Amino acid sequence: VGENGSPTEGVCMGGNAVHWFRKGLRLHDNPALRDALRGADTLRCVYILDPWFAGSSSVGVSRWRFLLQCLEDLDASLRKINSRLFVIRGQPTDVFPRLFKEWKVTRLSYEYDSEPFGKERDAAIRKLANEAGVEVMVRISHTLYDLDKIIELNGGQSPLTYKRFQSLISRMDAVEMPAETITADVMGRCTTPISDDHDDKFGVPSLEELGFEVDTLTTAVWPGGETEALTRLERHLERKAWVANFERPRMNANSLLASPTGLSPYLRFGCLSCRLFYFKLTDLYRKVKKNCVPPLSLYGQLLWREFFYTAATNNPRFDKMEGNPICVQMPWDRNPEALAKWAEGRTGFPWIDAIMTQLRQEGWIHHLARHAVACFLTRGDLWISWEEGMKVFEELLLDADWSVNAGSWMWLSCSSFFQQFFHCYCPVGFGRRTDPNGDYIRRYLPILRGFPSKYIYDPWNAPESVQKVAKCIIGVHYPKPMVNHAEASRINIERMKQIYQQLSCYRGLVQQVTSAPQSEAAAQSSWHGDLRYPGTSTRQQHGGFWIPFHHFSQSAAAAF
Amino acid sequence: MTALVYRMKRVLSGNADDSNSSSDGPMDSFKRLRQQSEDPADAESKWACLPQEILLHIFQYLPLLDRAFASQVSRGWNHAFHMPELWRCFEFELNQPASSYLKATHPDLIKQIIKRHSNHLQFVSFKVDSSTESAEAACDILSQLVNCSLKTLGLISTARPSFMELPKSHFISALTVVFVNSKSLSSLKIDDTPVDDPSLKVLVANNSDTLKLLKMSSCPHVSPAGILCVADQCHGLRELALNYHLLSDELLLALSSEKHVHLEHLRIDVVSENPGQQFHTIKKSSWDAMVRHSPKFNLVMYFFLYEDEFGPFFREEIPVTHLYFGRSVSKEVLGRVGMNCPRLVELVVCANGLRPLDEELIRIAERCQHLTAIGLGECEVSCSAFVEFVKMCGRRLSQLSIMEEVLIPDQKFGLDEIHWEVSKHLGRVWFPDMMPTW
């Protein structure tokens, strides 16, 4: 009974292999699956569907549909090599012991899951496997690197700034090549026992079977599956080659719309291997730029993802404020009514509402749109906790997995990662600068179609005559703005300053950013930085705009 | 508790060598204690008779909760817990579960403080969440601080300004209790509260000799006359924060009078209530008087205006040192800033527009010789102009916070080269501020 070993080991003669799909929903670059096949008699690929998930509101219908499409695609691909996907309902800890017995499993394989919850779940399954005498094979292929090695290189801590992360990456060994795609050849003499009633017992369920209303659904803008992912990858690279420009494209009105070359949801579910993407990008760059060494910025999309996975892997409280050593404790407001308006696109700010509408309908929004709505909810206007925003994104956003979603929300709300907070996105101005015509607004908020570009971002300022012509009276057909932005941003920048000035006052106390939430001692001494304490001159000689890096303790600074 | 015991052991085992001193300080108390008995079995009972000065010293390092636990150990420790020195500073945290995620100061503790320690309190702040109940609770406590002689008072809203939702008279009467009883208030922070002119008069009547710091941004019930009264009477005033509508030529002249100490810090918030609002102007001569009287003072200005409301500003020289533009500000206004703000130390621009700010930045580098910090949000600057800007400012730029999207690559520099160029001129490794783009 072995642990995960090198690919050359475990060339056992015979045996029944089970590959457990969680993410990594693909047959290309799937080293765990490829290694599981070696010398095995039979192979069954399983996906375990936790029945409770379907009813839970934290995963919306778009995400379910995408997943089911991925599973259908996997099943179709497996059929081509005389295999099938086995979808099994239940909890892994209940399902596996049963399967181990029924199928006389000798080997279990899966792709490594770096998230804390995933690691815990996998440890439990590994224990069950060991007890049942089942060999476990785990391979890393959801991230470019072995995240533990990055952390090791950083002295045992996850890097907390992207700059630091980039410098560590440049010192790592090269990214491993993608594993060969599973074909009939690779299957070799390995077979999959398929019963006549396979579809009934193990078929991919439909959305209706999971309890969703499908009549009102429009066609998926982002169809799930490995096949779609690989097609998109080719298109993506074609477009880059044609433009011969690898700089980050300038934001324009078109960027807001879903692109047929967009890849983020496919990376998240693992329909597309990040390593394949990495190598294809590198090859293309070398071809176009005649063998130049590609800069790190070429892989921006992949490295951000990697950064958040690394930050989260050893922090089970990564998605919370309380008890999260890297998260600043902010006095966010509890306001369910305001939160609902934001989540449902009823804020009265067309820019914000259009973005939230696109998100709900399609499951994807441009990253600058994410910045706009995240800022609005948290430090910009509503002063509501980033955890609430994260939950809404979890429900609606196709590419939001645990690490990346939580990390981004902390980043955008300036709760971690030493982000400067001085800049606040204006819910009117930002949209107007991005799409002066307002076509994006008209597309997702048809009620505002009649407004001229001049007023479409702030329709409450339009004269009544204009509103009448547009057949949309603000306050009646479309809500009035729920906050006064100038006032809200003024108050909030002051709040942010207060918080960060307090943090900078941990002088003389051995307080790490990594310790528990602000203690009373710190709180008591903290405000003296703000008001003059007689006899000392602790006042900072600046306007209070900056997060003072040098005021954090040594250990926090070491994380740079 | 183990942390406390550890600390105490460390304290006790120190300084065993110094046996010649005759003064009766805490260290000598240690020695006496140690010499009396070396038997470890006796050590436990000795904890209880540790001298109060030592306990005080130790307790000052402990967070409130640990201190409270310690106070339950023995009568001696309980006595130490209540020593006046430990109750000079207190921050009341008033949160309701329905409106906040954070914990609140325990009501029993609050009762205890009012009962036993209100006359010890000197440096007090109230942090309240967005609920009216929390603001009311703060006023409740304030009203009971009759035996208090506060030096510092801060009323801090941590979310929506809940003090503004209280009935004005309720708030004023609570605040007045402190003003009247303290008589030696040095620092007062009452931003976002319904404080008014009459209550400021009461403040002044009782505390004019001692008042050094007054922060009252966004107090809509105060008039220019009200704040002028403060400036006229409080000659020790060193720091003042208020809104632009309270600023007047008379105020600046009052703060520059012979009787007045040097002003150190003046913060002004310029906020637009409605689009198209008209703002009054301040005469250059008033600013000049300020600078003559207090050559080193910081003038911090926060602007929250619509682009077309900047008419009256930056037409003449103004001694602003720290400038924050919270909304979009036009290229033209930034040009005027370059021309008219020779004392500028810090500049933050949240947003500008889609035309590069190349010329404006170069001019600022030329004319604002004291500039040490700059932050740019949604703006555009060509890479070449940016490198030129940094070259001209050189190493005096200790804070350079530029969002990645600001920099527009051109013939000379792309994004990948620019950080080396800039780092070279700054004398340290520099990168633009990044946002996640997955």
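Keep in mind the model is a prediction, meaning the values are calculated, not measured. Lettering follows sequence order; numbering is per chain, from 1.
Put simply, of E487(A), R432(A), H423(A), the one with the most heavy-atom pairs under 4.5 Å next to chain B is H423(A). Most heavy-atom pairs under 4.5 Å with chain A, from the set D192(B), V271(B), D191(B): that is D192(B). Of all the listed residues (G326(B), S217(B), S272(B), G375(B)), the one sharing the greatest number of non-hydrogen pairs under 4.5 Å with chain A is G375(B).
Both the backbone and the side chain of S157(B) come within contact range of chain A, with heavy atoms under 4.5 Å apart. Heavy atoms closer than 4.5 Å to chain A are found nowhere in N95(B), neither backbone nor side chain. Only the side chain of D433(B) has a heavy atom closer than 4.5 Å to any heavy atom of chain A. Interface remark: H485(A) contributes side-chain atoms only to the contact with chain B (heavy atom separation under 4.5 Å). Proximity to chain B (any heavy atom under 4.5 Å) is shown, for W332(A), by both the backbone and the side chain. If you measure heavy-atom distances from F417(A) to chain B, you find no contacts under 4.5 Å at all. Contacts of D333(A) with chain B are made by both backbone and side-chain atoms, with heavy-atom separations under 4.5 Å. In this structure, chain A has a heavy atom under 4.5 Å from the side chain of E380(B), while its backbone stays farther away. Heavy-atom distances place both the backbone and the side chain of Y425(A) under 4.5 Å from chain B. Looking at D269(B), only its side chain comes within 4.5 Å of chain A, counting heavy atoms on both sides. Both the backbone and the side chain of R433(A) come within less than 4.5 Å of a heavy atom in chain B. With a 4.5 Å cut-off on non-hydrogen atoms, L305(B) does not touch chain A at all.
Considering CZ of F123(B) and CZ of R88(B), their distance stands at 8.0 Å, rounded to 0.5 Å. With values rounded to the nearest 0.5 angstrom, H106(B) atom NE2 is found 14.0 Å from E93(B) atom CD.
The number of heavy atoms from other shown groups lying within 6.0 Å of CZ (R428(B)) is above 12.
Residues S170(A) and S167(A) bring no donor and acceptor atom of their side chains to less than 3.5 Å of each other. Judged by distance alone, the side chains of S218(B) and R490(A) do bring a donor and an acceptor atom under 3.5 Å apart. Remark: the D399(A) side chain and the Y266(A) side chain contain no N/O donor-acceptor pair separated by less than 3.5 Å. Side chains of E91(B) and S125(B): a donor-acceptor N/O pair is present below 3.5 angstrom, by distance only. For the residue pair T158(B)/D129(B), the side-chain donor-acceptor check at 3.5 Å is not satisfied.
Remark: R334(A) is positioned above the aromatic ring of Y101(B), its terminal NZ or CZ atom under 6.0 angstrom from the ring centre and at most 45 degrees off the axis.
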